[in-house]
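So the structure is just underneath, and the comments pick up after that.
Indexing begins at 1, ligand by ligand and atom by atom, following the structure's order. For clarity, every value in this text was computed on a predicted model and none was experimentally measured.
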Amino acid sequence: MLMKREQLAVYFIAGTPNCKRSIEETLQAAIDGGITMFQFREKGKDALAGSAKKEQAVRLQALCREANIPFIVNDDIELAVEIGADGVHIGQEDEAASSVRGKINGGIVGVSVHTMDEAKKAIADGADYVGTGPIYQTGTKTDTGPVAGTALIKTMRAQNLTIPIVGIGGITIDNAAPVIAAGADGVSVISTISLADDVKQAAVELKAAVEGSN
Ligand SMILES: Nc1nc(C(F)(F)F)ncc1COP(=O)(O)OP(=O)(O)O
Ligand SMILES: [Mg+2]
């Protein structure tokens, strides 16, 4: 699937451990609220594995297909290929984007980057977008690097790197605008949407915050 940078605008990420209700209910409500892309990130305590994880992925993929938004799998390239996901997201410890590209015939490849060198390598490897952060303090991912702010986003744009960028880490409705102002094409969130009392409304408000700052 070819990716347009606008699809990064409101990029929801979740796994079953991040959701208060069923992940299907949560994802559907987020879709109804206007998210533009979804990443299935099944990690942490009580995360599904094996066939349960695959069956869960297939159910969420169907919801995304119905809504015509990209369904991305985090880390698990084998699962992404097996179910024909729209793409994968890989971190610095995962397989290089160049070899992943060859496996997901035309799928979207997203790469986490924390430095200019990592960003330039991701671009050289043919990544479709990069995720950078943590922009703010996050409670969700326990093994993040130090809070990065928007410095790398600004530096990448100052050096005329035009690759689509999404910010991640501690982003909320109230602090999303500066991420876009720094030059990102979108914001990625887990708990701002997954733990909201009203998931649909949280997605609506986050989208408004992102669009309001464009
Ligand atoms: N999952 C992610 N998605 C994004 C996205 F760009 F999609 F917003 N950016 C960054 C990450 C973090 O990826 P990684 O460093 O491999 O850690 P983990 O596998 O624990 O998520
Ligand atoms: Mg990863």
For [atom], find the nearest protein heavy atom and state the residue, atom name and distance (0.1 Å precision).
{"atom": "atom 17 (O) of ligand 1", "value": "K141 NZ, 2.9 Å"}
{"atom": "atom 8 (F) of ligand 1", "value": "S188 OG, 3.0 Å"}
{"atom": "atom 9 (N) of ligand 1", "value": "H89 NE2, 3.4 Å"}
{"atom": "atom 21 (O) of ligand 1", "value": "R41 NE, 2.7 Å"}
{"atom": "atom 13 (O) of ligand 1", "value": "S112 OG, 2.9 Å"}
{"atom": "atom 16 (O) of ligand 1", "value": "G91 CA, 3.1 Å"}
{"atom": "atom 1 (N) of ligand 1", "value": "Q39 OE1, 3.1 Å"}

May I ask you to decide whether [X] forms a salt bridge with [Y], counting only side-chain N to carboxylate O separations under 4.0 Å?
{"X": "D86", "Y": "R65", "value": "no"}
{"X": "D125", "Y": "K121", "value": "yes"}
{"X": "K103", "Y": "E78", "value": "no"}
{"X": "D197", "Y": "K20", "value": "yes"}
{"X": "K54", "Y": "D76", "value": "no"}
{"X": "K141", "Y": "D143", "value": "yes"}

Do [X] and ligand 1 have an N or O pair less than 3.5 Å apart?
{"X": "K43", "result": "yes"}
{"X": "H114", "result": "no"}
{"X": "Y11", "result": "no"}
{"X": "N74", "result": "yes"}
{"X": "T132", "result": "no"}
{"X": "D143", "result": "no"}

Legend entry - Atom of M37, atom of Q7 and distance for their closest heavy-atom approach: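 Closest approach of M37 to Q7: CB-O, 3.3 Å.
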
Under a 3.5 Å cutoff, is there a donor and acceptor pairing between the side chains of [X] and [Y]?
{"X": "E42", "Y": "T16", "answer": "yes"}
{"X": "Q28", "Y": "E24", "answer": "no"}
{"X": "S112", "Y": "H89", "answer": "yes"}

Just which atoms of ligand 1 are under 4.0 Å from any heavy atom in [X]?
{"X": "I13", "result": "3 (N), 7 (F), 8 (F)"}
{"X": "Y129", "result": "6 (F), 7 (F)"}
{"X": "D75", "result": "16 (O), 19 (O)"}
{"X": "G131", "result": "6 (F), 9 (N)"}
{"X": "V166", "result": "5 (C), 6 (F), 8 (F)"}

Legend entry - Aromatic plane relationship, F40 with F71 - under 30° parallel, 30 to 60° tilted, over 60° perpendicular: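 Parallel.
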
Inset, instruction - Return yes when at least one N/O/S atom of D75 is nearer than 2.8 Å to the Mg ion (ligand 2), and no when none is. - result: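 So D75 does bind the Mg ion (ligand 2) by this criterion.
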
Legend entry - Spacing of T132 atom OG1 and L152 atom CG [to the nearest 0.5 Å]: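 Going from OG1 on T132 over to CG on L152, the span is 4.0 Å.
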
Inset, instruction - Could you establish whether D94 and ligand 1 come within less than 4.0 Å of each other, counting only heavy atoms on the residue side? - result: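 Under 4.0 Å: yes for D94.
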
